[in-house]
Every structure is written in structure tokens, then in C-alpha cells.
Amino acid sequence: MPELPDVEAVISRIRERLIGRSITGVKVFDMRLATPALSSHIYGKRIRGISRRGKYIRLSVDGLTLVFHLRMTGDLVIKNPEEHTAKHTRLELLLSDGRELRFVDQRRLGVAKVVPDEDFSKIPGLVRMGPEPLSGDFTFESFKTRLGKRRSTIKSALMNQSFVAGIGNIYGDEILFQSGIRPTRKTNGLTDKEMRTLYRKMRYVLNTACAHNADLRGLRRWFVHGRTKGRCPKCGAGLDRLRIQGRYSYFCMHCQR
DNA sequence: ACAATATCCTGCGAGC
DNA sequence: TGCTCGCAGGATATTG
């Protein structure tokens with residue numbers, strides 16, 4: 001599920017049914033999440049807002065912040081009590097309108113914890129979180145400067161949350177494919193033109209995915225990630241695959257330079 | 001500074 | 001059918 005557009009989609013799917021509701025109960029099914037703060041401190045509090053920073057989700061209740069990170073398999077869903085509870089439900093918040101917010105996470109790598117509002121930006125993954133790629137102050141100039149300071153491969157940089165927030169393995173591949181840049185290229189070896197293309201396509205790919213609520217069924221044919229033995233959507237050549245940072249990168253040797 | 005590796009988990013499909 | 005293996009849209013600590 002969860003890269004920037006997916007996290008956005010989760011938030012917009014549940015936002016309206018959360019804001020203004022109070023938390024009337026907490027059920028912790030995964031004891032690794034059982035902290036006093038989660039079990040009792042948020043009880044009775046009203047939900048004021050839900051937002052995102054990188055792939056982290058911030059649920060604001062009075063004075064406290066519930067932090068979620070979906071990692072590989074996490075999801076947040078709102079259900080009626082009588083609806084079947086998914087096998088991998090780790091946490092359930094009972095809401096004042098009778099519904100339930102459920103944190104489902106098959107692989108249990110996700111995060112759910114409560115911190116005081118002022119500590120949200122201090123949690124380890126957020127201290128060095130890079131700029132939001134879709135925000136207005138993420139300018140080409142700042143992107144270019146940051147690229148020049150690195151020597152890693154461009155794929156590593158895109159997936160590195162302290163370089164830019166919210167991009168993972170899939171969108172990293174799609175951004176590079178649309179940009180015509182190979183994942184193995186060095187950040188500080190890109191031409192000005194390539195950097196501009198990359199900047200533009202990064203925002204284009206993420207914006208497009210967000211506009212479709214990360215439901216990519218209509219766009220899938222333009223994608224390269226995960227197409228083992230697949231063909232390039234542009235030129236038809238066989239796609240290439242190699243490991244970068246322990247993850248598979250998919251790309252077209254012909255269309256990407 | 002960066003790359004590679006192991007780790008946290010569970011489930012699925014491929015290949016035998 | 002049942003087994004093992006590799007792999008999965010992530011982040012982090014450790015080692016080289």
C-alpha cells in the first residue's frame with residue numbers, strides 16, 4: 001500500500017468520518033502496541049484532525065497525537081461494529097458515532113503510538129524527514145542543491161526519506177521511468193536538463209496518482225515496476241531489473257539513460 | 001557518505 | 001499435497 005499517494009488516499013477516505021468524533025474505547029489486539037498512552041490516555045478525547053508528513057499519519061486528538069506508519073501492509077479502515085474484523089487487526093478505536101477505526105496490518109511492521117503534540121516532529125523517522133515533494137516551497141532550485149550534495153544513486157536518493165518525503169520503491173521506479181533516467185545514475189552526475197525533467201516528472205507522477213486516489217488501474221499500463229519479464233510501455237523492449245538497496249528496481253535500458 | 005546486509009513480521013506463489 | 005525458498009509498495013542499525 002503505502003507511499004505518499006497511498007497514504008493520502010487513506011487519509012481522504014476516512015477524514016470526514018473521523019473529525020469531531022470522540023474516542024469512546026480502545027481495543028488493542030497486538031500487545032506490542034499496548035502502552036498506557038494508547039490504552040488509556042486517548043480515551044474520551046475528540047479527534048480534531050488527520051494529516052500526513054512523509055508516510056507518517058498524524059491523528060490529532062486534544063493535546064495528543066496518534067502516530068501511524070503503515071510500513072508494508074498497514075491500512076486504516078472505518079467499519080461498523082457488526083462488520084467482520086479482519087484477521088490482522090492490531091488496534092481498534094471505538095468512535096462516538098458507533099463506528100470503529102481499525103488499524104489492520106498483516107506483517108505487523110507498522111507503527112501506532114501516542115505522543116504529546118509537541119513531540120510529533122521529534123520521533124526518529126521525522127527528525128530528518130526531507131521536503132514534501134508536492135509542497136509549494138519544494139522548488140527546483142532547492143531540489144537541485146540537494147541533488148548536488150549527494151553521491152548516491154538517484155534511486156537511493158528518491159527512496160531516502162531524508163532526501164525527499166514519501167517516495168518508495170514503486171513510485172521511485174515510475175518517476176525515473178517517466179524521466180528517462182536510469183536508477184543507477186549518480187545524483188551529482190545529472191545534467192541540468194535531467195534534473196529539471198526529474199523534478200517535473202516527480203511531481204507529475206505523484207500528483208497524478210493522488211488525483212486517482214492511488215487507484216492506478218487505468219494507469220497501470222504505463223508502469224514498469226513489478227513487471228518481471230515485462231516489456232517497456234514506450235518502446236516494447238524487455239524491461240531490466242536489478243537490486244538497489246536490497247530492493248528490485250525495474251527500468252528500460254533503452255528509454256532510460 | 002554511501003552501499004550492502006540483517007532485522008522486524010506474515011503470507012503467498014514458484015519450483016521441486 | 002507438502003515442503004523450502006524467495007519475495008513483498010518500509011525503516012533502521014550495523015558493518016565495510
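Below, read A as the first sequence line, B as the second, and so on, with proteins coming before strands; counting in each chain starts at 1. Everything numeric here is computed off the predicted structure, so don't read it as measured data.
Protein atom NZ of A:Lys155 is 13 Å distant from nucleotide atom C1' of C:dG10, rounded to whole Å. Distance A:Gln161 CD to C:dG9 P: 14 Å, rounded to the nearest Å. Rounded to a whole Å, the CE atom of A:Met31 is 15 Å from the P atom of B:dC9.
The stretch residues 103-116 of chain A participates, sequence neighbours left out, in these salt bridge (Lys or Arg N to Asp or Glu O under 4.0 Å) pairs: A:Asp30-A:Arg108, A:Arg90-A:Asp105.
Remark: A:Asp137 engages no residue in a salt bridge (charged side-chain N to carboxylate O under 4.0 Å, His left out) (not counting sequence neighbours). For A:Phe68, the ring-ring contact (aromatic ring centres under 6.0 Å, His included) criterion is met by A:Phe103, not counting sequence neighbours. In this structure, A:Phe251 has no ring-ring contact (aromatic ring centres under 6.0 Å, His included) partners at least two apart in sequence or on a different chain. Qualifying ring-ring contact (aromatic ring centres under 6.0 Å, His included) partners for A:His88, counting only residues two or more places apart in sequence or in other chains: none. Judged as a ring-ring contact (aromatic ring centres under 6.0 Å, His included), and not counting sequence neighbours, A:Phe29 has no contacts.
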State the dot-bracket string of DNA chain B. Criteria: Watson-Crick or G-U wobble, both atom distances under 3.5 angstrom; notation: ( ) intrastrand, [ ] crossing earlier pairs, | interstrand, . unpaired.
-> .|||||||.|||||||
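Within residues 108-118 of chain A, the residues having any heavy atom under 4.0 Å from DNA chain B are, by residue number, A:Arg108, A:Leu109.
A close approach under 4.0 Å does occur between a side-chain nitrogen or oxygen of A:His88 and OP1 or OP2 of B:dG11. OP1 or OP2 of B:dG11 sits under 4.0 Å from a side-chain N or O of A:Lys87. The side chain of A:His69 places an N or O atom within less than 4.0 Å of a non-bridging phosphate oxygen (OP1 or OP2) of C:dA11.
In this structure, A:Arg13 contributes its side chain and A:Leu76 its backbone to a donor-acceptor pair below 3.5 Å.
Using the six-membered ring where Trp is involved, A:His69 and A:Tyr56 have ring planes that are perpendicular, over 60° apart on the 30 and 60° scheme.
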For nucleotides 12-16 of chain C, which of its nitrogen or oxygen atoms have a protein nitrogen or oxygen under 3.5 Å away, and what is each distance?
residue: C:dT12; atom: OP1; partner: A:Gly125; partner atom: N; Å: 3.3

At a cut-off of 3.5 Å, list every protein nitrogen or oxygen paired with a nitrogen or oxygen from nucleotides 4-8 of chain C, distance to 0.1 Å.
residue: C:dC7; atom: OP1; partner: A:Tyr248; partner atom: OH; Å: 2.8
residue: C:dC7; atom: OP2; partner: A:Arg243; partner atom: NH2; Å: 3.0
residue: C:dA8; atom: N3; partner: A:Arg107; partner atom: NH1; Å: 3.3

For nucleotides 1-3 of chain B, list the nitrogen or oxygen atoms of the protein found under 3.5 Å from its nitrogen or oxygen atoms, one pair per line.
residue: B:dC2; atom: OP1; partner: A:Arg151; partner atom: N; Å: 2.7
residue: B:dA3; atom: OP1; partner: A:Thr153; partner atom: N; Å: 3.0

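For A:Glu194 and A:Arg257, the salt-bridge test fails: no basic side-chain N is under 4.0 Å from an acidic carboxylate O.
Looking at heavy-atom distances under 4.0 Å, A:Arg128 makes no contact with the nucleic acid at all.
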Run the side-chain donor-acceptor check on residues 163-170 of chain A: report pairs under 3.5 Å with partners two or more places apart or on a different chain.
residue: A:Asn169; atom: OD1; partner: A:Lys155; partner atom: NZ; Å: 2.5
residue: A:Asn169; atom: ND2; partner: A:Tyr248; partner atom: O; Å: 3.1

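Taking atom P on both nucleotides, B:dG13 is separated from C:dG9 by 15 Å, rounded to a whole Å.
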